[in-house]
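Down below is the structure, laid out as structure tokens.
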Amino acid sequence: MAEDYLKGLNSPQREAVCHIEGPLLVLAGAGSGKTKVITHRIAHIVAIRAARADQILGVTFTNKAAGEMKDRVIKILGLAGRHVRLSTFHSFCASVLRQHAEAVGYKRDFTIYDEADSLALIKRVIRELKTPEGQPSPGTAQNKISHAKDKLFDPGKFADTAADFIEENIARIYKEYQAQLNRNNAFDFDDLLFSMVTMLENNPQLKEYYQNKFPFILVDEYQDTNFAQYMLVKYLSGPRKNVCVVGDDDQSIYGWRGADINNILNFEHDFPGCKVIALEQNYRSTATVLEAAHKVVSKNLKRKSKKLFTVRQGGENISLMLCGDDRDEAAAVTAKIKFGLSQDKTPADFVVLYRTNAQSRSLEDALRDAGIPYVIVGGTRFYDRKEIKDVIAYLRLLINPDDTDSLLRIINIPKRGLGDVSIEKLLKIAARHGISAFEMMNKPEEADLKGKPALELKKLYGILNGLSTEIPKIRPDEIAVRLIEQIGYLKMLDLENTPEADVRADNVRELVSGIIAYMERIDEESEGEEKPTLAGFLENVALITDIDTWNDKEKSVTLMTVHAAKGLEFDTVFVTGLEDGLFPLIRESTDQKDMEEERRLCYVAITRAKNKLCLSMAGFRRRYNNSYNTEPSQFLFDIPENLLDIERFNFYSEFFYGPTLPPPKSYDLDFRRKTGDRRLSDKEPNAPEQFGQTVDDLLKVGLTVSHHKFGVGKIIAREGKGEDMILTIRFGGGTKKVIVRYAALEVLG
DNA sequence: TTCCGAAGGTTTTTT
DNA sequence: ACCTTCGGAA
């Protein structure tokens, strides 16, 4: 019975599971049973009594992955599996820091700022420091500071390495930002790792404590770790080095967030004597899909050479859908899904992937019009909505009154007649007295505030102070309900009397349901051992993402970015927007290293498919305000032609492709950078002939064409030209006049 | 001093 | 198309 879990493993998998002592690197290709190895290895360690369940730490990047692993471990080990510590890097650090907050100069009830919170603070710091106009932009500063923290550079060290004037300014911003975060008793995402690592560094006994607490460590998606995470793994694994890292260098797609692919490439060097096991049998995809994926990724120079294999020979050909514009593309995807649904597939079998969130719009419209149920993962999170952030800011203040930036967010929402001038006074005097802005609110006279502003400040202080004393006595959801009532948030929305405000009000009510759902989940998971708290809810909100709450039992088509899809699999996968400049996404700063990452991203996208892969591109794409003619993605040319079925779709636009893929162009990154060419194409818009033929050339009288509604017919007359051309077509059911612009015509010959 | 409407810059991917 | 910022009115 104890060895049951070893059955159903192939031999490298079993070898990995049974390796107990010493460092282990598992190079797990896409769909090779990576999660299985991790979960079974945990079970094995416990089963042979090498360690207790609570002595094993498994870290992942998403809560979803952590949760799934936990479920699977529990399935093998039974309830003992509950004590395995499986969490994300960030939430693991957050929970350790809560216990030792004072060791890093924080209080236990610290707030975790998300990216938007952090950006707001950086903007304020820039305003206060009066750095020269637009030097640097808040976004650049945030990015640089984040990367500095990834590399464990504190403000001092960053200042030392500042190469130019702008970086010197960023160093000043970084220093002040950090001081303000500390004063707010708040961490940003990067701080969670940074502070954790520096804490272990500065407290050898604490480091030893955690080394002994977790003699076995497993790291998932190791290719996505940054330097701080690498150091954390190193410290935690200690002299024992019972560390098992699992990853795939071909799936390293978070370089832009500081992930260092060298962590996995150099693991053998960093942990001498480590065992290396490669999992190369793929259990997910057809040979066709794997072949295409391999052809795309193997062009990269910086990778460990390997090739996945499968026993599933052949497989359905890959559809390459050449579409006129983005609407056509969305319609083509929808049509394919419709067809699949009419066969034996269900909505949950499909995923539509794209490089950028902005692309979801047209896809969404088409699916909605077709009445196909869909869910969008990512984009604007529920908790990113303005009204939700407002209420969250209030709740944070109840827990952590030092959080001045949350206070600033809501101090005049709803309108209390507190403008910039009053707020400025409050902040200034509070700083002079060395107390928080929140405390200062209770004595506005000392801040030279009188009349309505003074009254309002006192009133708000009273509400928040009153509620915070109730926190230990009242359920978290009830606190939120009372808060919303007392500040009059719903009343404010009601007065707006617009449909948007109604939606916002619903969202606020939904937030309360969210708190209740959280409470139920904690009760369930800990079986009543852990008490759900408001503070716990807020931490959860900060660290949860959309993908964490997505589940595949959903009876809907899923729309998401390629990044979000990592680790998932679907029967049918659409990879959309395969156009030069969009996927691969090319910007001014794009270099060879980034191109390799784009290639890996494409590899990740393709390998999500179990049975059917559909690739698509549009010849004409609307982006931001502009529209562009596009070139096909270079990745398309890496896929052997015999694996592709090329189809053309023109439901709306005037673009027509020839029967084959338009020929590749030269992709000279250096040239683009030198010339500052950031356009998706070097052609003028509205030049459809670049794609073979113009409408006028193509749609000659006598041609046989296919219409999505009327079927196959013959052109018997035409009037006008271009996209406005009106064709008279004799179909089986009779003669119709159609406008080219609106008709879904495919030329059959 | 605050509030409201118009202009302007802005988006790659995310824990 | 969206949110922040700026300028003028109450």
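Numbered from 1 within each chain, the chains take letters A, B, ... in sequence-line order.
Using a 4.0 Å heavy-atom distance criterion, A:Asp190 is classed as making no nucleic acid contact. Note on A:Lys386: nothing from the nucleic acid sits closer than 4.0 angstrom, heavy atoms only. Within 4.0 Å (heavy atoms only), A:Leu418 reaches sugar-phosphate atoms of the nucleic acid but no base atom. A:Asp420 comes within 4.0 angstrom of sugar-phosphate atoms only, judged by non-hydrogen atoms across all strands, and of no base.
For A:Val421, the side-chain atoms get nearest to B:dT1 when compared with the rest of B:dT12, B:dT1, B:dT14.
Across the protein-nucleic acid pair, A:Leu582 atom CG and B:dT11 atom P stand 17 Å apart, rounded to whole Å. The CD atom of A:Glu456 sits 17 Å away from the P atom of B:dT1 (whole-angstrom rounding). Separating the CG atom of A:Leu457 from the P atom of B:dT2 is a distance of 11 Å, rounded to the nearest angstrom. Rounded to an integer number of Å, the gap from CZ of A:Arg504 to P of C:dC2 is 11 Å. In this structure, CG of A:Asn143 is placed 11 Å from C1' of B:dT12, rounded to the nearest angstrom. Rounded to whole angstrom, the span from the CD atom of A:Gln359 across to the C1' atom of B:dT12 amounts to 10 Å.
Not a single ring-ring contact (aromatic ring centres under 6.0 Å, His included) links A:Tyr113 to another residue, sequence neighbours left out. By the ring-ring contact (aromatic ring centres under 6.0 Å, His included) test, A:Phe214 pairs with A:Phe92, sequence neighbours left out.
Applying the 6.0 Å contact sphere to NZ of A:Lys389 captures more than 12 heavy atoms from other residues, nucleotides or ligands.
Residue whose closest nucleotide on DNA chain B sits further toward the 5' end, between A:Arg257 and A:Arg416: A:Arg416. Residues A:Thr62 and A:Glu598 both approach DNA chain B. Their nearest nucleotides, taken by heavy-atom distance, put A:Glu598 toward the 5′ side.
For A:Trp256 and B:dT12, a side-chain-to-base donor-acceptor distance below 3.5 Å is absent, hydrogens and geometry of angles not being considered.
Between A:Asn357 and the phosphate of B:dT13, there is a side-chain N or O to OP1/OP2 separation shorter than 4.0 Å. Neither OP1 nor OP2 of B:dT11 sits under 4.0 Å from any side-chain N or O of A:Thr356. A:Ser422 has a side-chain polar atom (N or O) that falls below the 4.0 Å cut-off from OP1 or OP2 of B:dT2. Not one side-chain nitrogen or oxygen of A:Asn226 sits closer than 4.0 Å to the OP1 or OP2 atom of B:dT15.
Salt bridge A:Lys386/A:Asp390: present, at least one basic N to carboxylate O contact under 4.0 Å. The existence of a salt bridge linking A:Arg599 and A:Asp638 is confirmed by a sub-4.0 Å separation between a basic side-chain nitrogen and an acidic carboxylate oxygen.
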